[in-house]
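Below is one structure; the comments refer to it alone.
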Amino acid sequence: MRLSRYFLPLLKETPAEAQIVSHQLMLRAGLIRQSSAGIYSWLPFGYRVLRKVEQIVREEMDRAGAHEILMPSIQPAELWKESGRYDDYGKEMLRITDRHDRAMLYGPTHEEVVTDIFRRSVRSYKDLPLNLYQIQWKFRDEIRPRFGVMRGREFLMKDNYSFDLDFAGALRSYNAMLLAYLKTFRRMGLTAIPMRADSGAIGGDLSHEFQILAQTGESAVYFDAAFEDIDFLQDELDVEQLKALYAATDEQHDPASCPVPPERLRSGRGIEVGHIFYFGTKYSKPLGATVVGPDGAEIPVEMGSYGIGVSRLVGALIEAFHDEAGICWPEPVAPFRLGLINLRPSDQGCSALVAELEAKLARAGVEVLVDDRDDSPGAKFAAMDLIGLPWQAVVGPRGLKEGVVELKCRRTGAREQLSPDALLQRFAA
Ligand code: ATP
Ligand code: MG
């Protein structure tokens with residue numbers, strides 16, 4: 001992709017309305033634009049990241065055995081009256097009326113719809129366990145939308161729902177999701193800490209919030225260092241052992257009674273990016289989602305629900321990975337892997353080499369963004385740092401004479417000179 005023909009509207013100034021660094025950088029680096037309070041358009045650069053985050057989430061859900069569906073964003077109010085939540089949900093729910101005066105709503109979550117699908121499609125315990133997921137826009141009329149996509153009104157969520165015959169099955173589903181979540185976040189280069197959360201009376205301790213670590217995170221977290229070295233490639237990770245590891249919020253943490261020895265206690269700041277919980281028959285009972293059990297009796301299914309804030313993750317990733325100059329994308333979610341700067345587009349030699357590198361890298365499947373604009377070297381370096389591609393390669397007249405290009409790692413700032421062939425080998429391998 002050539003920057004001269006791409007749609008990447010960069011801002012020089014930090015927009016005054018943005019209070020936190022991820023929001024500032026998402027606006028400055030041309031990822032999003034606000035449409036109305038808490039509602040955003042995703043521009044090409046931001047949309048590429050959103051899709052990469054989404055794809056990692058999707059792959060780990062598929063690997064865990066969940067099936068992808070897509071439920072409607074507009075839901076009938078009747079379902080929510082059946083579950084008893086219609087009146088309770090309050091003003092966060094955007095209620096609408098269609099031309100026939102039927103009460104509808106823009107889905108803030110999908111327990112009712114998925115339970116309705118289940119009750120009309122599944123009859124026997126033999127069809128369990130079942131786990132359905134979607135990646136869909138939600139609307140919650142948050143009282144104070146803020147921090148850009150971190151707390152929007154319209155936001156993209158991966159939500160899934162497990163159906164099991166009994167508690168033992170529900171626990172297995174829950175544990176599988178807990179592991180899948182940790183793997184998902186680790187694949188994005190993030191360390192996620194599962195924090196025990198309140199799930200009301202029915203859930204017992206079966207609710208966890210996932211906090212990813214970022215210096216600018218909203219809340220303090222204390223945790224066992226073991227979370228940093230979990231080897232997710234191992235297939236036989238012991239979930240119960242994982243759940244027993246120490247993790248506490250500021251209010252929960254008491255140095256005097258903390259069971260972790262000081263040398264293994266870590267602290268940091270966290271951003272909530274996911275939430276899982278078990279809720280038993282809370283929806284299956286009122287909606288009549290039952291299966292015929294082994295002995296012929298009708299049994300309401302045991303359910304759990306699991307959410308990941310996909311659009312919030314884009315902001316959270318920037319909170320976790322940035323410096324004074326801009327964003328530092330981890331490779332798995334980077335919009336492009338390599339930024340190729342043509343220092344002097346008017347120089348035929350430079351342009352020929354850039355075109356050759358671009359074509360060969362593209363053929364090898366490497367995502368390259370070429371800065372071929374007529375701008376000063378300083379402005380190009382600053383823009384490249386701002387947008388944060390993991391690698392930058394510079395082609396200029398001086399290097400051309402010496403037969404080298406300069407490669408810079410965005411995250412560490414380390415630079416090296418190498419031949420164009422060596423560069424190709426490095427990235428196309
Ligand atoms: P919060 O306490 O932050 O309002 P929640 O408990 O309402 O979160 P859930 O209903 O569990 O959140 O939703 C699952 C995930 O969706 C959250 O972990 C978060 O990552 C994301 N999410 C929730 N609300 C928003 C929002 N307003 N904007 C962006 N992402 C959100
Ligand atoms: Mg909320």
Side-chain angles (χ1 to χ4, degrees), residues 1-14 24-31 43-49 52 318 321-429:
M1 182 59 67
R2 299 214 151 202
L3 214 38
S4 61
R5 274 178 260 142
Y6 196 47
F7 181 53
L8 186 65
L10 304 180
L11 303 179
K12 290 234 160 53
E13 311 291 328
T14 300
Q24 293 167 356
L25 288 171
M26 286 183 81
L27 292 168
R28 283 189 58 207
L31 275 75
L43 307 189
F45 204 64
Y47 194 40
R48 283 178 83 96
V49 180
K52 291 206 169 173
I318 296 173
F321 302 112
H322 70 270
D323 59 20
E324 320 73 54
I327 306 169
C328 308
W329 295 113
E331 289 212 25
V333 297
F336 297 88
R337 188 167 168 218
L338 176 70
L340 184 56
I341 297 178
N342 186 349
L343 270 193
R344 196 172 298 163
S346 59
D347 180 304
Q348 283 208 338
C350 286
S351 293
L353 178 57
V354 165
E356 183 192 336
L357 288 173
E358 184 189 16
K360 287 184 172 162
L361 287 165
R363 224 172 296 146
V366 184
E367 294 170 305
V368 191
L369 184 66
V370 178
D371 190 349
D372 59 337
R373 297 169 308 162
D374 261 324
D375 213 338
S376 71
K380 288 182 175 180
F381 294 141
M384 206 45 97
D385 278 352
L386 171 66
I387 67 174
L389 305 183
W391 298 97
Q392 305 173 1
V394 182
V395 172
R398 199 179 321 146
L400 194 67
K401 239 177 258 155
E402 293 161 20
V404 293
V405 295
E406 186 177 79
L407 182 67
K408 177 176 131 179
C409 170
R410 174 67 181 87
R411 184 102 67 103
T412 63
R415 295 165 197 270
E416 61 185 296
Q417 312 262 328
L418 71 185
S419 71
D421 276 342
L423 180 84
L424 285 173
Q425 246 163 33
R426 175 86 64 91
F427 285 89

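Worth knowing before you read on, the calculation uses all heavy atoms, side chains too, and leaves out hydrogens, waters and symmetry mates. For this chain, numbers begin at 1 and follow the sequence in order.
Residues satisfying the side chain to side chain donor-acceptor pair (under 3.5 Å) test with R411, not counting sequence neighbours, are none. Under the side chain to side chain donor-acceptor pair (under 3.5 Å) criterion, E367 pairs with R48, K52, not counting sequence neighbours.
Remark: E402 CD is packed, more than 12 non-hydrogen atoms of other residues, nucleotides or ligands lying under 6.0 Å away.
Between F45 and F336, the ring-plane angle classifies as parallel under the 30° and 60° cut-offs.
The shortest distance between side-chain heavy atoms of R426 and L407 falls below 4.5 Å.
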Problem set entry | L357 and V368: CA distance, side-chain angles, deciding distance, side-chain contact (heavy atoms from CB on, under 4.5 Å) verdict | CA-CA 9 Å; L357 288 173; V368 191; over 6 Å; no
Exercise. Going through the distances and angles, do L389 and L338 end up as a side-chain contact (heavy atoms from CB on, under 4.5 Å)?
Worked result: CA-CA 6 Å; L389 305 183; L338 176 70; over 6 Å; no
Exercise. Does the side-chain contact (heavy atoms from CB on, under 4.5 Å) test come out yes or no for L418 and V405, once each step is laid out?
Worked result: CA-CA 6 Å; L418 71 185; V405 295; 4.0 Å; yes
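Of the possible donor and acceptor atoms, one in the side chain of R410 sits under 3.5 Å from a partner among the backbone N and O of D385. K360 places no side-chain N or O within 3.5 Å of a backbone atom of D421 that could act as its donor or acceptor partner.
Electrostatic pairing of R5 and D372 does not count as a salt bridge here, judged by no charged N lying under 4.0 Å from a carboxylate O.
For the ring-ring contact (aromatic ring centres under 6.0 Å, His included) condition, the pairs that include at least one residue of residues 369-428, sequence neighbours left out, are W391-F427.
With values rounded to the nearest 0.5 angstrom, I387 atom CD1 is found 12.0 Å from L25 atom CG.
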